Each structure stands twice: as structure tokens, then as C-alpha cells.
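This one's a predicted model, so the numbers in the text were calculated from it and none came from an experiment. We count ligands from 1, going down the list as the structure has it; atoms in each ligand are counted the same way.
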Amino acid sequence: MQNLPSTRQSHYGYLADGTEINRVTLQNSNGVEVEIISYGGIITRLLTADKNGKFNDIVLGLDNIDSYVKSNPYFGALIGRYGNRIAKGKFTLAGKNYQLDTNDGENHLHGGVQGFDKKVWDMAPFVTEHSAGVVMTLVSPDGDQGYPGTLTSEVVYELTNEDELDMRFSATTDKATIVNMTQHSYFNLAGKGSILDHQLMINSKQITPVDKGLIPTGEFSDITNGPFDFSQLKAIGKDINANDQQMKFGLGYDHNYVLFDKEAGAMSLAARVVEPTSGRILEVHTEEPAVQFYSGNFLDGTLTGKGQTYQHRSGLCLEPQHHPDSPNHSHFPTTTLLPGDTYKTRISYRFLTTQQKLA
Ligand code: BGC
């Protein structure tokens, strides 16, 4: 008999000011397990089966709350209010100029110095017949990190018996503001080593090229047959050292891929990762118009966790989102949220193996 989906709550640690950080563990009937903490809504552990049914942790993570507070390159975190960069932290909305934190050189990255990845979320676990989940909620006050409006956000993590981690994001505001939330897990489907032999498919024919500060120039460039082309499964390491200006700016892949033939707001396959040795496959589905592919270029062997040292390119991120710096490019899909409207988006990670038939 199969186990029923379940949730477990446990103590994770304390912040320096005494705030308790909790952990919720979700398990489905097949033994897939996801651990989430209230700090940053971080996925600290994610166990999935390989082609022989052996379970392993496939996300990068640190060992305790102090390490997450001290220095986390967004491992596993919920990102908000605005994922990715905003040039010089500046934007104009409804005739008003706003200045956000600048925490990435002169630019704003992933919501600022105290983005959603560093906030303490409320967690309410739940189980259904076919899933185990947790509802994460956070109220970000007017002016938080420079953003206008009180933003009330919710993220529902739901692990289903179809081996899918479904994430539903929503938010409302009391003033015109901007929102672009995402999830920032670093995956290594082999559980260790480099990700250069992982094979990747991204359902895209264009990227938004960037300048040397990784801010979009505003163009869309065709990537067909070039080093950025992942329209067919290709090893990540194959072209990563190509003599290409964009690759140099990113120090590898750190680019926003426009999803191909996307019906606005509809759920579709953004990317598929196949790790040949373990036979693990990850699919990322989303309602978002784009996905940031980041090949772990800034990992440099200074962080350790789970008994490993995280070397250059030991994890990869596929972050569904709107384009970077959208508030400053009026031809990009809008990231504006108005009072009375509800921001809604969805991301789903599906875990498969090469033993299964792909849809
Ligand atoms: C960005 C990288 C950044 C990294 C931080 C990614 O989402 O695209 O440029 O360095 O996050 O971990």
C-alpha cells in the first residue's frame, strides 16, 4: 500500500533577534520530499528518485539558519518583490519616480537588501487526498526596500502524487506598484559535481541581450544555431566557453529567455533538464513569459553545505519571470500591479526519470 501524502512541522532555528524559524516537510505517496523553511520560503531539501528508484537531494543548500542569514546566493528562496535586475534601482509609475535599494553594483537585484528571500513568512501546512502543501503568506509594508504600496503576498507550495511541485503566487496592493516574483532553487540532478554535463532544452528562440551590468538593452535577439540555442536538448557545457560577447557579460549563461509561442498567462513547458547518469529529469512549466537561465557562474567554492563545497557551476537555476528591468522598457510585458487587481502566476517543477515516457 502507498503512503498517504503528509506534512510534518519542526523547529529549524532562531534569528539573532530571537524570531523562531520553522520548517515544514511535505511528502507525497511516492516518497518525494520537499523541505521548506519560514525564512525566505527557502526550499532547503528536495528528494527525488533516480532511474533506479534511489532518492537523493537535488537542490543546493546550506546547513543552518545562521549560514542562510550570513551569505545565501538565493539558494532555494522565494524572490520578490521584483526578481532580477532593475537598472540603477529607478523606475517611474503613475508619474512618480521611485528609487529602490541598489544591492548589485549600481543596480537593484531580486527585491533588494531585504528581499522576500530574507523575510520570515507565515506557514500553514495542508494535505489533500493527492497532495501535501503549505500556504506561505507575507505582508510587505509600503516603502519596503523602496517599493510603493503595501503588498500582501501568498505562495502556495503543493507537492502532488504526480511528482510535481506546483507553486501558485498571488499578491494585492493598496497603491500602484510593480511585482515579478519567482523561485530561485539551484538544481543539481546528480546530487553533486558540476552541471556542465546536464542536458538542457529551453522552449525559446530569443533572449533579451544585456549590457555588462546584466541590464537588458531592450532588444530581442534571435539565438537560433548559436551558443544560446537550447531548442533541442544540449549539454550545458557544450558552448558555455564560446567566444561570444553575451556569454562574456554573463560569465556563462545568465540570460532571460523569451518563451516561444506563448499564449499570455497559459501554463506551458519552459524548460527540461536531463541528467544522463542518474536518469533524473526536471521539467519547469509556467505561466510566465520568460525564464532566466543561470548556470551558477558566481559560485566559487567559498560556500559549503550538505557536506559539499559549492564549486563554480555546481548548480543551475531556471527562474520563470517577466523580463528584467521591465518597468523601464514599455514594450516588455508589464509588471505593474494596481489596487483592486490581483497578481497571479504559477510555476511547476515536475520530476521524472528517463524510465518514464515524456508527454
Ligand atoms: C541572476 C544572477 C545572480 C544570481 C544570484 C540570478 O537569478 O540572474 O545574475 O548572480 O541570481 O544568485
Would you please say whether a donor-acceptor pair under 3.5 Å links the side chains of Y12 and E35?
-> no

Could you check ligand 1 for N or O atoms lying under 3.5 Å from protein N or O atoms and list the pairs with distances?
from: ligand 1; atom 1: 7 (O); to: H110; atom 2: NE2; distance (Å): 2.9
from: ligand 1; atom 1: 7 (O); to: H184; atom 2: NE2; distance (Å): 2.9
from: ligand 1; atom 1: 7 (O); to: E319; atom 2: OE1; distance (Å): 2.8
from: ligand 1; atom 1: 7 (O); to: E319; atom 2: OE2; distance (Å): 2.7
from: ligand 1; atom 1: 8 (O); to: D254; atom 2: OD1; distance (Å): 2.5
from: ligand 1; atom 1: 8 (O); to: Q292; atom 2: NE2; distance (Å): 3.2
from: ligand 1; atom 1: 9 (O); to: R85; atom 2: NH1; distance (Å): 3.0
from: ligand 1; atom 1: 9 (O); to: R85; atom 2: NH2; distance (Å): 2.9
from: ligand 1; atom 1: 9 (O); to: D254; atom 2: OD1; distance (Å): 3.3
from: ligand 1; atom 1: 9 (O); to: D254; atom 2: OD2; distance (Å): 2.4
from: ligand 1; atom 1: 11 (O); to: H110; atom 2: NE2; distance (Å): 3.0
from: ligand 1; atom 1: 11 (O); to: H184; atom 2: NE2; distance (Å): 2.9
from: ligand 1; atom 1: 12 (O); to: P73; atom 2: O; distance (Å): 3.0
from: ligand 1; atom 1: 12 (O); to: Y186; atom 2: OH; distance (Å): 2.8

Write out all pairs satisfying ring pair (Phe, Tyr, Trp, His ring centres under 6.0 Å) with one or both partners inside residues 129-167, taking only residues at least two apart or from two chains.
-> H108-Y147

Below 4.0 angstrom, N of the basic side chain to O of the carboxylate: do D229 and K205 qualify?
-> no

Heavy-atom pair of closest approach, residues P216 and P324 = CG-O, 3.4 Å

Salt bridge (Lys or Arg N to Asp or Glu O under 4.0 Å): which pairs involve residues 108-121, sequence neighbours left out?
-> K119-D144

Among all residues two or more places apart in sequence or in another chain, which pass the side-chain contact (heavy atoms from CB on, under 4.5 Å) test with A132?
-> P5, T7, L26, V127

